[in-house]
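What follows is a set of notes on a single structure, which appears directly below.
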Amino acid sequence: MAKKTQGPMNKQGRGAYTWHMMKANKGCYFMLIPFMIFFIIFTVVPVVMSLPMGFTNFNMIQMPKWVGLSNFYTLFVNDDVFLIAVRNTLIFAIFTGPFSYVLSFLIAWLINEMNAFLKTFFTFVFYAPSMTTSVYVTWQLILSGDSYGYLNAVLMDLGILKSPAQWITDTKYILTVVIIVQLWMSMGAGFLAIRAGFQNIDKSMYEAGAIEGIKNRWQELFKITIPSMGPQLLFAAVMQISTSFTVGMVGQNLVGLPSTDYAAHTIMNHATDYGWVRYEMGYSSAICFVLFAAMLLANKGVNWILGKYLD
Amino acid sequence: MARRRKKQSIEKLKVSANKKPINGSRAGDVCIFIFLVLLGAFMVFPLYYSVIQSLKPVEELFVFPPKLYVINPTGRNFSDMFRVAANSWQVPLSRYIFNSFFITIVICAANLFVCCCAAFVLAKCRFPGDKIINQIIVLALLFASNATWIMQFMVMAKLHMIDTYWALILPSISTSIGLYLMRQSMSTIHDAMVEAAKVDGASLFRICWQIVVPNSKPALMTLIIFAFQGAWNMQGGALTYSEELKTLPTVVQQISAAGLARQGVTFASSVVLLIPPLLVFLVAQGNVMETMANSGMKD
């Protein structure tokens with residue numbers, strides 16, 4: 001718990017001081033070691049390795065061969081599918097990112113005003129879809145392309161559709177369909193964090209607010225609630241970014257990989273395609289690297305916006 | 001008008017200080033409730049429907065238009081699931097279930113342990129390097145995604161862990177999300193408590209597990225939910241290819257690859273897959289509420 005003292009110090013002195021502090025706090029390092037070992041081996045090394053790997057040709061059998069920037073060049077100039085994937089990923093990110101973020105917040109806020117039983121019940125209801133990995137079959141039944149598909153049947157009964165629509169194979173619908181299913185599953189970690197944030201707010205703040213003359217729910221929300229849950233909002237934003245930029249599994253399971261005319265092909269799908277199907281690891285790493293860069297940028301942007309608003 | 005409102009709200013405060021929010025109208029409440037119920041129905045419908053389908057006998061499964069209820073519920077689909085697994089892969093389904101439970105429990109325990117230890121020092125101690133580790137953790141929240149699978153696979157291959165339980169367990173032990181959650185929650189605990197324990201001569205390890213961790217129960221419960229869910233839903237993919245080591249989700253995926261033709265079994269297996277995380281969530285969530293209601297220590 002020792003505090004670092006501030007003051008002018010020469011280089012050697014500072015080094016010695018740091019060493020002294022490290023020795024004084026060696027208990028802390030012991031506590032960190034178990035986490036750091038696994039963290040470095042299975043998270044840091046893979047992420048750091050993906051950069052140099054992006055500059056090579058590597059097929060998992062022969063040694064990686066250095067090819068300079070050619071992977072990145074191909075990616076941006078010659079790979080039409082990649083550009084489609086970028087476009088799709090951005091569309092996904094906009095819908096499942098900000099949209100689902102605001103929706104999570106809204107739902108968490110509405111739930112928060114209920115009694116304990118309803119709170120648990122609704123949290124459960126909204127969180128449950130994100131726990132599933134295997135109810136695609138239900139969606140396949142609903143979206144099935146013949147007139148026995150439930151959605152088709154309902155729409156045809158109502159006279160909206162004349163003939164059955166190919167929800168999961170027609171390029172017109174694929175993207176929309178996958179976005180809806182993705183949204184359905186997206187009330188995950190971020191939602192829970194925001195829920196917890198609402199619970200943590202001191203009730204007396206609202207009482208004070210009521211006496212100070214806050215009139216309605218909206219004022220309460222913007223004047224008291226949002227400013228006092230900064231950390232949870234930031235955390236939820238990070239989670240939202242990382243899930244919305246790496247979407248791909250849902251599409252892969254629902255409409256196949258690759259989807260018709262790459263209509264729902266995301267950057268992640270593209271990386272999976274090259275990595276696991278064609279064993280072009282170098283190229284796949286380059287794709288992942290671009291994805292990382294995009295996520296970093298998005299995170300910087302969100303931090304900037306939220307930071308401006310929260311303080 | 002404003003004065004009357006104020007008076008009312010103060011009276012309300014007196015009557016039910018901690019029950020209802022002070023602001024908000026009856027009509028608003030009703031609208032919100034209806035909105036939530038409709039949205040909730042959309043969220044639950046696919047889940048509800050897969051439960052219903054899994055209980056339907058063959059005669060009812062393919063009836064059109066589909067029925068939203070079961071007339072003669074049956075357990076056939078669930079027993080068929082065991083038969084299908086045994087016939088197709090020579091490994092009984094119980095083996096996959098065991099694998100999933102084994103992996104999940106080991107991961108949860110190890111994850112809780114390492115995350116709590118690390119989160120405690122990062123939240124409550126100052127030492128050279130703490131700032132940079134904190135920053136790396138936040139960055140890792142972004143990167144800890146499926147984009148690292150390929151490289152993780154190569155690391156595994158180098159360590160000769162492909163096709164062992166280790167390949168499934170080790171990468172999930174240190175999760176940045178777990179560390180971040182615990183650290184956030186632990187840093188709200190008062191330094192005074194930690195200091196007091198220090199003065200009494202408790203070691204860092206004891207302070208962590210006897211004082212700080214019990215006081216961050218909501219975060220701990222959330223962590224359990226995440227860890228359990230992540231581990232339970234893990235598909236071995238290329239990391240384990242022997243049948244004996246595959247997990248339940250992998251097998252469920254293989255079963256549902258048969259698609260709509262084997263509907264009953266597919267639905268049954270997806271229901272089986274869903275039950276454990278749901279139970280964990282419900283139990284943990286109940287605990288979160290409980291501790292939130294009476295979490296003490298204020299200035």
Side-chain angles (χ1 to χ4, degrees), chain A residues 1 3 18 21-22 25 27-28 31-32 34-35 38-39 41-43 45-47 49-50 110 113 116 120 122-123 125-126 128-129 131-135 137-139 148 150 153 184 189 192 196 199 203 206-207 210 214 216-217 220 231 238 241-242 246 268 275 281 284 288 291-292 295 299, chain B residues 9-10 13 18 21-24 32 36 40 43-44 46-47 49-50 64-66 114-115 117-118 120-121 125-128 140-148 150-152 155 170-171 173-174 179 184 204 218 222 226 229 233 249 252 256 266-267 270 273-274 277-278 282 285-286 289 292:
Chain A
M1 207 71 46
K3 264 232 152 81
T18 309
M21 289 306 292
M22 282 172 80
N25 287 300
C28 294
M31 300 278 281
L32 267 177
F35 182 88
F38 296 110
F39 182 67
I41 297 178
F42 297 109
T43 304
V45 170
V47 171
M49 246 168 65
S50 79
L110 295 179
E113 305 206 340
T120 316
F122 275 112
T123 311
V125 163
F126 287 108
M131 270 188 263
T132 67
T133 47
S134 59
V135 286
V137 199
T138 317
W139 284 103
Y148 294 106
Y150 300 162
W184 175 72
L192 276 196
Q199 300 257 302
K203 288 279 180 297
Y206 292 116
E207 287 156 19
I214 281 181
N216 54 38
R217 288 200 173 100
E220 201 175 76
V238 171
I241 290 171
S242 88
T246 56
M268 201 54 224
M281 292 298 174
S284 184
C288 287
L291 194 60
F292 284 153
M295 288 201 285
N299 189 42
Chain B
S9 54
I10 292 172
L13 270 179
N18 50 5
I22 297 97
N23 294 301
I32 287 170
L36 281 178
M43 300 297 275
V44 184
L47 299 177
Y49 194 68
S50 42
F64 195 88
V114 299
C115 286
C117 284
F120 165 66
V121 284
C125 303
R126 296 287 151 267
F127 54 91
L141 275 180
L142 279 180
F143 293 151
S145 60
N146 15 12
T148 55
I150 293 163
M151 289 298 142
Q152 258 178 14
V155 171
L170 296 182
I173 289 180
S174 290
L179 177 56
Q184 254 350 50
L204 278 177
T222 316
F226 287 158
Q229 197 187 321
N233 284 335
V252 169
S256 32
T266 307
F267 281 114
S270 66
L273 197 59
L274 192 55
L278 283 189
L282 281 180
Q285 189 66 15
M289 296 293 171
M292 301 303 305

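Just so we're on the same page: letters track the sequence lines, and every chain starts at 1.
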Original post:
So, B:N233 side chain and A:M131 main chain: donor-acceptor pair closer than 3.5 Å or not?
Top reply: yes
Original post:
Where does A:V238 contact chain B at under 4.5 Å (heavy atoms): side chain, backbone, both or neither?
Top reply: both
Subject >> By ring pair (Phe, Tyr, Trp, His ring centres under 6.0 Å) - contacts of B:F120 (at least two apart) >> reply: none
**OP:** Side chain from CB out, backbone as N, CA, C, O: work out which of these in B:L278 comes under 4.5 Å of a heavy atom of chain A, or both, or neither.
**Re:** both
**OP:** Kindly give the heavy-atom pair with the smallest separation between A:N25 and B:P128, and that separation in Å.
**Re:** ND2-CD, 4.5 Å
**OP:** Could I get the full list of ring pair (Phe, Tyr, Trp, His ring centres under 6.0 Å) partners for A:Y150, not counting sequence neighbours?
**Re:** B:Y49
**OP:** Please name the pair of heavy atoms, one in B:M43 and one in A:P129, separated by the smallest distance, quoted to 0.1 Å.
**Re:** O-CG, 3.7 Å
Subject >> Distance in Å, A:I241 CD1 paired with B:L141 CG, rounded so as to fall on 0.5 Å steps >> reply: 10.5 Å
**OP:** Please report the shortest heavy-atom distance between A:C28 and B:L204, naming the atom on each side.
**Re:** N-CD1, 3.5 Å
Original post:
A:F35 versus B:V121: any side-chain heavy-atom pair under 4.5 Å?
Top reply: no
Original post:
Heavy atoms, side chains only, cut-off 4.5 Å: are B:V114 and A:F39 in contact?
Top reply: no
**OP:** Report the option among A:G275, A:P46, A:A128 that has the most heavy-atom pairs separated by less than 4.5 Å from atoms of chain B.
**Re:** A:P46
**OP:** Please flag which part of B:Q152 lies under 4.5 Å from any non-hydrogen atom of chain A: side chain, backbone, both or neither.
**Re:** both
Original post:
Shortest non-hydrogen contact from B:C117 to A:M31?
Top reply: CB-O, 3.5 Å
Original post:
What is the distance from atom OG of B:S174 to atom CZ of A:F42, rounded to the nearest 0.5 Å?
Top reply: 9.0 Å
